[in-house]
2 protein chains.
Amino acid sequence: MTTQRDIARTAGVSVAVVSAVLNGTTHTRMSEATRARVLQAMENLDYQPNQAARSLRLNRTGMIALILHKLDNPVYADLLRGVYGAASEHGGTVLLGDAETMRSSSQFVTRLLSQGTVDGILIRDDQLYDDDVMAELRSHPKPILSLDHDQHHPWVGIDDRRAGEIATRFLLNLRHRRIAFIGGAPGHAFQQRYLGYQHEMQQAGLEPAPHLATGFGEQAGADGLRQALQLPAAPTALVVNNIMSAVGVLAAAHDLGIAVPDQLSVVGIHDVALMQHLRPAVTAVRMPMYELGQAGVHALYDLMAGNPHTSGTITTPEPELIIRDSATTLTNT
Amino acid sequence: MTTQRDIARTAGVSVAVVSAVLNGTTHTRMSEATRARVLQAMENLDYQPNQAARSLRLNRTGMIALILHKLDNPVYADLLRGVYGAASEHGGTVLLGDAETMRSSSQFVTRLLSQGTVDGILIRDDQLYDDDVMAELRSHPKPILSLDHDQHHPWVGIDDRRAGEIATRFLLNLRHRRIAFIGGAPGHAFQQRYLGYQHEMQQAGLEPAPHLATGFGEQAGADGLRQALQLPAAPTALVVNNIMSAVGVLAAAHDLGIAVPDQLSVVGIHDVALMQHLRPAVTAVRMPMYELGQAGVHALYDLMAGNPHTSGTITTPEPELIIRDSATTLTNT
DNA sequence: GTTAGGTGACGTATCGTTAATTCACCGTAG
DNA sequence: CTACGGTGAATTAACGATACGTCACCTAAC
């Protein structure tokens, strides 16, 4: 491993100059010739600054943690790209953690922070909010930013309410009247989506169905469909809160002999590549997850720089309806 | 931030003793009473060792990198769990990287290694092998372990050949004779799976079809199906090399009016939760990805400890056929 | 009474970087 | 001729943890 000392020796200068060249420090001055010599030496010896030493000296590592609820949820794919991209703009590295892992391996996040492994944390975990992990987090001085509407931390979020509105309005425009809203859990971002649904229903002079909060994933979709069918007035259309639940809805509908979209229209919130490869291809509201990742990182760096932060929702780009084949006009047969 | 100095002061000992208590060093001895006092002080002051300082002193960070080809491929979900679990057994942290990101953000991996950010690398990237990134990697002293059959690095792998055999044999037992093999790219692990297919076909006295290497993902499945239909003898069954391609096969079959499994049986290699929620649910060969992750980490730690490594395939558990609804007996109608 | 050996602990150099302080030199103004 | 300011550097003290070398003290053997 080549160190600044090696560079200094071969360039015939002191380590102070090497460090100054590296960091563009104005305090320690040098001539152009000297700077060039140092740069040349760095090139020749393939110098790479030692991160551990920098971290120790500067008391920051240039690493941020991203904690996600379930890493393998495909809606995170774009988020990840956004986060990685923005972090590398800032010269930072991303440490990715799954919230499950976090809970099991004792105080994963806490250790990251207090051991100085990361400079800040980006967190998106819809199920963590009541945990004592959160309490631990709050007791630490390093910034934490939530990628969800959050009452405990600064946050940036996507426009969940708008997504609910868009999905619902689309179905209303297709002349559906009995529209149910399934999936997710109460008290989360999902609540916002339900509010959007509720709002649109009321605007249309209709009674909103209760939120069938069956949870997450494929199974939640199947459960949601079954519960929706028990509703006093069986729905002709469904807003599905969680995109992977849409897969479950399709499967359950198939198993129950319900044709989608002819007998049941389905619109999902969040769009992933998979949706266009299902049959029927699923109409979904695309959320700006890439932008969320970017904005989250920038906001976190802001926070780390000590700037005050105003939490808020990303409004551009807007959630966008991607029309495919799982929803169609209600025919009065 | 609490340091060893603080502990030493409050416990009335020197930092040397604090460090010794922490590390169980035998060199520096102490009485039980002293040790207890130090531990108590650590507890009281909520001491957490500073990672940066340790890394600098010990010249290792306790962090390993895991580089995957496409993070959002669901087959990696179990792998991740295996890796995270095993790493935390070793007291290590995992830095996750996507190979795409790596290529774009200049020399991501190289920097990780030479800046001493990680102690070793676990890599699974089917498309990286001819890249000059690999050349860069090899020029570094820190251990790299591939999670794929690899001619350049030590590796651990799963039994891809066996998976090909199992899928093919299952279809043969269902009386299929014209079986095609689609998806993937030549020269990779996928080659092994094809060899397994080939072997079983020959055992059964049949002519193997050529490997229709249409690549990865859903589109590859659709392309593979179309190419398979062009074959001199149109197949009645398909072995699909990549599980996400199975989704594409199903969609393309639907679009072409081919009923699965009645007109076409499909078996995928690799199993993910999604497969049981598709209609028809996809019969697939489950690969021990969790175990691959574990074994990879253990092997990497072995390597980092300076032990010689013998590359090899994980044979227990064996690839396991999960029978669902996408493959059925060939009826001679 | 001296010393060898064991016990329990301390002092400090070191890892590679950064940044504050110091310093030598030179040209020029007074 | 001296003082002074500017230029271009070098020295060095941290940052926190680790481990080597040292040392004081006590007991017991000779």
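Chain identifiers are assigned alphabetically (A, B, ...) following the order of the sequence lines, protein sequences preceding nucleic acid strands; residue numbering begins at 1 within each chain. Atoms considered below: every heavy atom in the structure, side chains included; atoms not considered: hydrogens, waters and symmetry mates.
B:Asn59 has its CG atom 14 Å from the C1' atom of D:dA17, to the nearest Å. Taking atom CD1 on B:Ile7 and atom P on D:dA17, their separation rounds to 9 Å, with Å as the unit. Remark: C1' of C:dT14 and CZ of B:Arg54 are 16 Å apart, rounded to the nearest angstrom. If you take CZ of A:Arg5 and P of D:dT11, they are 12 Å apart, rounded to a whole angstrom. Taking atom CG of A:Asn50 as the reference point, atom P of D:dG16 lies 17 Å away to the nearest angstrom. One atom, CD of B:Gln115, and another, C1' of C:dT17, lie 13 Å apart when rounded to the nearest Å.
The aromatic rings of A:His90 and A:Tyr301 lie parallel to each other, with less than 30° between the two planes, well short of the 60° mark.
Between A:Gly296 and A:Leu147, the closest heavy-atom pair is CA-CD2, 3.9 Å.
Within 4.0 Å (heavy atoms only), A:Gly116 reaches no atom of the nucleic acid at all.
Heavy-atom distances under 4.0 Å link DNA chain C to B:Val17, B:Thr28, B:Arg29, B:Met30, B:Ser31 of residues 17-33 of chain B, given in residue order.
Positionally, the nearest nucleotide of DNA chain C for B:Arg37 lies more toward the 5' end than for the other of B:Arg37 and A:Leu58.
Looking at the side chain of B:Leu56, the nearest of the listed nucleotides C:dC10, D:dG16, D:dA9 is D:dG16. Comparing atom distances between the B:Gln4 side chain and each of D:dA17, D:dG16, C:dC10 picks out D:dA17 as nearest. The side chain of A:Val15 approaches D:dT12 more closely than any other nucleotide in the set C:dA9, D:dT12, D:dA17.
Regarding contacts with the backbone of C:dA9, a side-chain N or O of B:Thr34 is found under 4.0 angstrom from either OP1 or OP2. Here A:Ser14 reaches the OP1 or OP2 of D:dA10: one of its side-chain N or O atoms lies under 4.0 Å away.
In this structure, A:Ser19 contributes its side chain and A:Val15 its backbone to no donor-acceptor pair below 3.5 Å.
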Apply side chain to side chain contact (heavy atoms under 4.5 Å, CB included) to residues A:Asn50 and B:Gln115 and explain how you reach the verdict.
CA-CA 5 Å; A:Asn50 179 298; B:Gln115 296 191 339; over 6 Å; no
Give the C-alpha distance, both sets of side-chain angles, the deciding distance and a yes or no for side chain to side chain contact (heavy atoms under 4.5 Å, CB included) between B:Val17 and B:Thr34.
CA-CA 9 Å; B:Val17 175; B:Thr34 306; 4.1 Å; yes
Walk me through whether B:Arg124 and B:Asp148 qualify under salt bridge (Lys or Arg N to Asp or Glu O under 4.0 Å).
CA-CA 6 Å; B:Arg124 166 121 182 164; B:Asp148 242 330; 3.7 Å; yes
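By the 6.0 Å contact criterion, CZ on A:Arg9 is enclosed, its count of non-hydrogen atoms from other residues, nucleotides or ligands being greater than 12.
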